[in-house]
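By convention in this document, chain letters (A, B, ...) are assigned in the order of the sequence lines, proteins followed by strands, and residues within each chain are numbered from 1.
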Number of protein chains: 2
Amino acid sequence: MNTNFDIENFILDFSNSCQKKQKKVFSKNEVVTTYIKNRNQLCILLDGNADLVRYDLNGNRTIVEHFSKNALFGEVFYTITTNNELLVEAKSNCTVLFYSYDDIFHKCRNNCKFHQTLSENLPQLILNKVTDLNMRIELLTKRSTRDKLLGYFSLLSTRKLSTSFELPFSLTDLADYLSVDRSAMMRELKLLKEDGFIEKNGNRITLLYK
Amino acid sequence: MNTNFDIENFILDFSNSCQKKQKKVFSKNEVVTTYIKNRNQLCILLDGNADLVRYDLNGNRTIVEHFSKNALFGEVFYTITTNNELLVEAKSNCTVLFYSYDDIFHKCRNNCKFHQTLSENLPQLILNKVTDLNMRIELLTKRSTRDKLLGYFSLLSTRKLSTSFELPFSLTDLADYLSVDRSAMMRELKLLKEDGFIEKNGNRITLLYK
DNA sequence: TATTTTCCGTTGCAAAAGCAACACATTATG
DNA sequence: CATAATGTGTTGCTTTTGCAACGGAAAATA
């Protein structure tokens, strides 16, 4: 549907051509960045997996977003309030590019090809993010843990073009992502197995319905 | 924080200059648009209020987004699946501009000033939407009805710069927006009053804590 | 103005989800 | 390899939420 601009090649070709970015490598469990008001950072995950995690005042942990290769993140996408701490945590070894959104928006003085291409394609990149967020909202508005699980599984199944797939999360993290209690979720997973909706071997799920 | 481009003046100045748009007026409860795959419509709400509503297979109704003056909506922001019907319903009399996103993206042949300005400012407009969606996700990930209500109230209070404000929804619709049962929400509102967190007169809420 | 429709407020009861605790498996790490 | 840390799977109990139903208020409509 969307004019899917090839971020992959684009990044490979141009990631070294701009002076105003920083490239950093992180190892598992390191904090990639903390969201800070008014900084307007824009980051691109070149490689690896990372989670945007929120800790609220009660100490609850929520996985706000899960990022894989080529994901965009940073303060640009977020209104930071004082009630939460927002961190990006590396879930595996990661390579990340850091930009200032203001630089991108106003183009960098070198007028480098990267910035040119990026600013042309930025609307599309951000739109992709919007559709991701809308899918997330669709999941979160489901009224029961069962529906959240089935909704998420069907989404993964569509993405992988297969009724069988690995979860990109540990089950503990999946619960944080769906915003439900882990033990209640485990109970529901058991019921889904018993009721013949799914098969489950470790982190591999197979959908049986329809 | 964001270079806040003045959509209001922009729309006033240019809304009549482009050939490729349609302007329509709707009265309360009319369906403004239905989301259709591959159409890539982009709409701007010039005036009034409208809700993006989803009906799922179980007949559950969810208010996915609430739009007021100058809101952007349309299929561009959404991956449409077959499991849901997505409608925009006018909550009051509305005036709406309809564009094709493809026209905006590729600029219209007349090369009109509207399209020029719009495509320059589109990233910013979409970013505003992203931050809205992230706020919504923050609300929906709260674990209890109480926290959802308090979170939503504090958000409104921040926006209005006052501890006292009118809800933009009926209470029935608020429940659909927070994705909770209406009667359970009413019960929780009563408890919030009893516990001294809020005052409530009809749709006017006053925050008492802190 | 009379009447219909929608919304508000409430409640008892049933179902779902959260909490806490534990044993065991698996994976990191010294 | 031994040990620590993290993740999985399970359960009893408590709390929260959803469901269904109803009367009355408010708003829309004839």
Aromatic ring proximity, centroids under 6.0 angstrom, A:Tyr177 and A:His66
no

Can you see if the side chain of B:Thr172 gets near the phosphate of C:dC7 - specifically, an N or O under 4.0 Å from OP1 or OP2?
no

Whichever of B:Lys28 and B:Ser179 has the more 5' nearest nucleotide on DNA chain D, that residue is B:Ser179

Is B:Arg182 touching bases, backbone alone, or none of the nucleic acid, heavy atoms closer than 4.0 Å?
base

What is the distance, rounded to the nearest whole Å, between atom CE of B:Met185 and atom P of D:dA20?
18 Å

B:Asp181 side-chain proximity, nearest of D:dC19, C:dC8, D:dG9:
D:dC19

Between C:dG9 (P) and B:Glu194 (CD): distance, integer Å
14 Å

Does a donor on one side chain and an acceptor on the other come within less than 3.5 Å for A:Thr131 and A:Arg136?
no

Hey, is A:Lys91 close enough to A:Glu30 for a salt bridge, meaning N to O under 4.0 Å?
no

Want to settle it: does A:Arg143 or A:Gly202 sit nearer the 5' end of DNA chain D, counting the closest nucleotide to each?
A:Gly202

So what does B:Asp173 touch, heavy atoms closer than 4.0 Å: a base, only the sugar-phosphate, or nothing?
nothing

Under 4.0 Å from OP1 or OP2 of C:dG18: is there any side-chain N or O of B:Ser144 that close?
no

B:Asn93 atom CG is separated from D:dA28 atom C1', nearest whole Å, by 14 Å

With heavy atoms under 4.0 Å as the rule, sort A:Lys200 into base, sugar-phosphate or nothing.
sugar-phosphate

Nearest-angstrom distance from the residue atom CG of B:Leu178 to P of D:dT17:
12 Å

I'd like to know if the side chain of B:Ser100 pairs up with that of B:Arg39 as donor and acceptor (distance under 3.5 Å, no hydrogens or angles considered).
no

Under 4.0 angstrom, heavy atoms only, what part of the nucleic acid is A:Asn29 near: base, sugar-phosphate, or nothing?
nothing

I'd like to know if B:Asp51 and B:Arg61 make a salt bridge, using a cut-off of under 4.0 Å between side-chain N and carboxylate O.
no

Starting at atom CG of B:Asn201, determine the distance to atom C1' of D:dA26, rounded to an integer number of angstrom.
16 Å

Does A:Leu140 reach the side chain of B:Ile137, with side-chain heavy atoms less than 4.5 Å apart?
yes

Under 4.0 Å: is that the gap between some side-chain N or O of B:Asn203 and OP1 or OP2 of C:dC7?
no

Which residue lies more 5' along DNA chain C, comparing B:Lys91 with B:Ala184 via nearest heavy atoms:
B:Lys91

Does C:dC8 have its OP1 or OP2 closer than 4.0 Å to a side-chain nitrogen or oxygen of B:Lys190?
no

Please report the distance, rounded to the nearest Å, between CD in B:Glu188 and C1' in C:dT11.
16 Å

Protein-nucleotide distance (A:Glu30, atom CD; C:dA28, atom P), rounded to Å
16 Å

Quick one: does A:Arg187 reach the base of C:dG18 with a side-chain donor-acceptor pair under 3.5 Å?
yes

What does B:Ser183 touch in the nucleic acid at a heavy-atom separation under 4.0 angstrom: a base, only the sugar-phosphate, or nothing?
base

Rounded to whole angstroms, how far apart are CE on A:Met186 and C1' on C:dG18?
15 Å

